[in-house]
Asks: 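Handing you this structure, nothing more for now.
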Amino acid sequence: MRKPASPKSDAQPRAPRSNTQARGGCVCGAVRFEIDVPAVWAWHDHSPASRHAQGCAYATYVGSWKSRFRLLEGEACIGRYEDVEAGTTRSFCARCGTPLFYERARSPKMINIPRPLFETRTGREPRYHMHLEQAADWTWRGEALGPLKGYPGVMWQRPRRSKRALAPDLA
């Protein structure tokens, strides 16, 4: 498999800039980038690979054409991990460890960026869920929550009563 092009690659012609850009960057600020708004699409990825790479229940990405993406600073701080078998490359800030970009060999003109890295709106709401059948069994799925007494701002899911506790004693 060929290695996906670097996000800054000038191998493809750049489209004219739109009037609006969404800017973002890593936690330490060493890597800065922008995309033209609106983004192509946004989605929640529930796959084990994204959970592992992002360290969360699911990752939310914004997809942009590489021609509408610009790396503003920090190219020297970008580390890359290529998964040859999966045909993917994940980039991260080598200084602070922030996951930055997700690229797939089968979509060489696209770059996917974790949504939380953007400071402003991207022009797309994440309306799609990918790999939902692979979601972790411990992921919150909208069950009713209540306030945890004595801990302001903390919500919790009350444990379910077991059928055994509800059944009358037959002894």
Asks: Honestly curious: do Phe118 and Ile78 fall in one hydrophobic cluster under the side-chain, below-4.5 Å linking rule?
Replies: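 Cluster IDs for Phe118 and Ile78 match.
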Asks: I want to check something: taking the side chain as every heavy atom from C-beta on, are Tyr61 and Pro114 in contact at a cut-off of under 4.5 Å?
Replies: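 The answer is yes; the side chains approach within 4.5 Å.
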Asks: State, yes or no, whether a side-chain contact exists between Pro38 and Arg121 at a heavy-atom distance under 4.5 Å.
Replies: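 When only atoms from C-beta onward are counted, Arg121 and Pro38 do not touch, as no gap falls below 4.5 Å.
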Asks: Counting only heavy atoms not in Glu119, do more than 12 fall under 6.0 Å of its CD?
Replies: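 For Glu119, atom CD is crowded (more than 12 foreign heavy atoms under 6.0 Å).
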Asks: Where do Phe69 and Phe101 land on the ring pair (Phe, Tyr, Trp, His ring centres under 6.0 Å) test, with the steps shown first?
Replies: CA-CA 11 Å; Phe69 167 88; Phe101 314 119; 5.2 Å; yes
Asks: Report yes if some heavy atom in the side chain of Leu72 is under 4.5 Å from a heavy atom in the side chain of Val31; otherwise report no.
Replies: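 With C-beta onward as the side chain, the pair stays apart.
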Asks: If Ile, Leu, Val, Met, Phe, Trp and Tyr residues are connected whenever their side-chain heavy atoms lie under 4.5 Å apart, and connections chain through other members, are Ile111 and Ile35 in the same group?
Replies: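 Cluster IDs for Ile111 and Ile35 match.
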Asks: Is there a path from Met130 to Met110 through hydrophobic residues (I, L, V, M, F, W, Y) whose side chains come within less than 4.5 Å of each other?
Replies: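 Result: yes, single cluster for both.
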Asks: Of all residues at least two apart in sequence or in a different chain, which pass the salt bridge (Lys or Arg N to Asp or Glu O under 4.0 Å) check with Arg127?
Replies: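 If we apply the salt bridge (Lys or Arg N to Asp or Glu O under 4.0 Å) test to Arg127, skipping adjacent residues, the hits are Glu125.
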Asks: Is there a side-chain contact between Val40 and Trp65 in this structure, where contact means two heavy atoms from C-beta onward sitting under 4.5 Å apart?
Replies: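 Side chain of Val40 against side chain of Trp65, heavy atoms only: contact under 4.5 Å found.
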Asks: Does atom CZ of Arg32 have more than 12 heavy-atom neighbours, drawn from other residues, nucleotides or ligands, at distances under 6.0 Å?
Replies: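 Yes, the 6.0 Å shell around CZ holds more than 12 heavy atoms from other groups.
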Asks: Quick check: do Asn112 and Val62 have side-chain heavy atoms less than 4.5 Å from each other?
Replies: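 Asn112 vs Val62: side chains apart.
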Asks: Look up atom OG in Ser64 and atom CD1 in Ile113, then write down how far apart they are to the nearest 0.5 Å.
Replies: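 Between Ser64 OG and Ile113 CD1, I get 6.0 Å after rounding to 0.5 Å.
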Asks: Rounded to the nearest 0.5 Å, how far does CZ of Arg23 lie from OG1 of Thr120?
Replies: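 Between atom OG1 of Thr120 and atom CZ of Arg23 there are 9.5 Å.
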Asks: Nearest 0.5 Å, what's the CZ-SG distance between Arg95 and Cys26?
Replies: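 It comes to 7.5 Å.
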Asks: Less than 4.0 angstrom from a charged side-chain N to a carboxylate O is my criterion; do Glu82 and Arg90 meet it?
Replies: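 No.
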Asks: Under 3.5 Å, is there a donor-acceptor pair between the side chain of Ser50 and the main chain of Ser47?
Replies: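 No, Ser50 side chain to Ser47 backbone: no donor-acceptor pair under 3.5 Å.
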Asks: Is there a donor-acceptor pair under 3.5 Å between the side chain of Lys109 and the backbone N or O of Lys66?
Replies: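 No, Lys109 side chain to Lys66 backbone: no donor-acceptor pair under 3.5 Å.
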Asks: CD of Gln21 to CZ of Arg68: how many Å apart, nearest 0.5 Å?
Replies: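 Here the interatomic distance stands at 9.0 Å.
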Asks: For the residue pair Tyr151 and Lys149, establish whether any side-chain heavy-atom pair is separated by less than 4.5 Å.
Replies: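 Tyr151 vs Lys149: side chains apart.
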Asks: Can Arg104 and Thr88 be counted as having a side-chain donor-acceptor contact under 3.5 angstrom?
Replies: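 Arg104 vs Thr88: no donor-acceptor pair found between side chains.
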Asks: Indicate yes or no: at least one non-hydrogen side-chain atom of Cys56 is less than 4.5 angstrom from one of Arg51.
Replies: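 In short, these two side chains do not touch, never coming nearer than 4.5 Å.
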Asks: Taking only residues at least two apart or on different chains, which pairs with a member in residues 123-150 satisfy ring-ring contact (aromatic ring centres under 6.0 Å, His included)?
Replies: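 Residue pairs passing ring-ring contact (aromatic ring centres under 6.0 Å, His included), neighbours aside: Trp41-Tyr128, His44-His129, His46-His129.
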Asks: Side chain of Thr98, backbone of Val27: donor and acceptor closer than 3.5 Å?
Replies: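 The answer is yes, because a donor-acceptor pair under 3.5 Å joins these two groups.
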Asks: Verify, without hydrogens or angle tests, whether Gln134 (side chain) and Leu132 (backbone) share a donor-acceptor contact under 3.5 angstrom.
Replies: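 It does not hold such a pair.
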Asks: Regarding Arg70 and Asp36, does a basic nitrogen lie under 4.0 Å from an acidic carboxylate oxygen?
Replies: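 Looking at Arg70 and Asp36, the cut-off is met.
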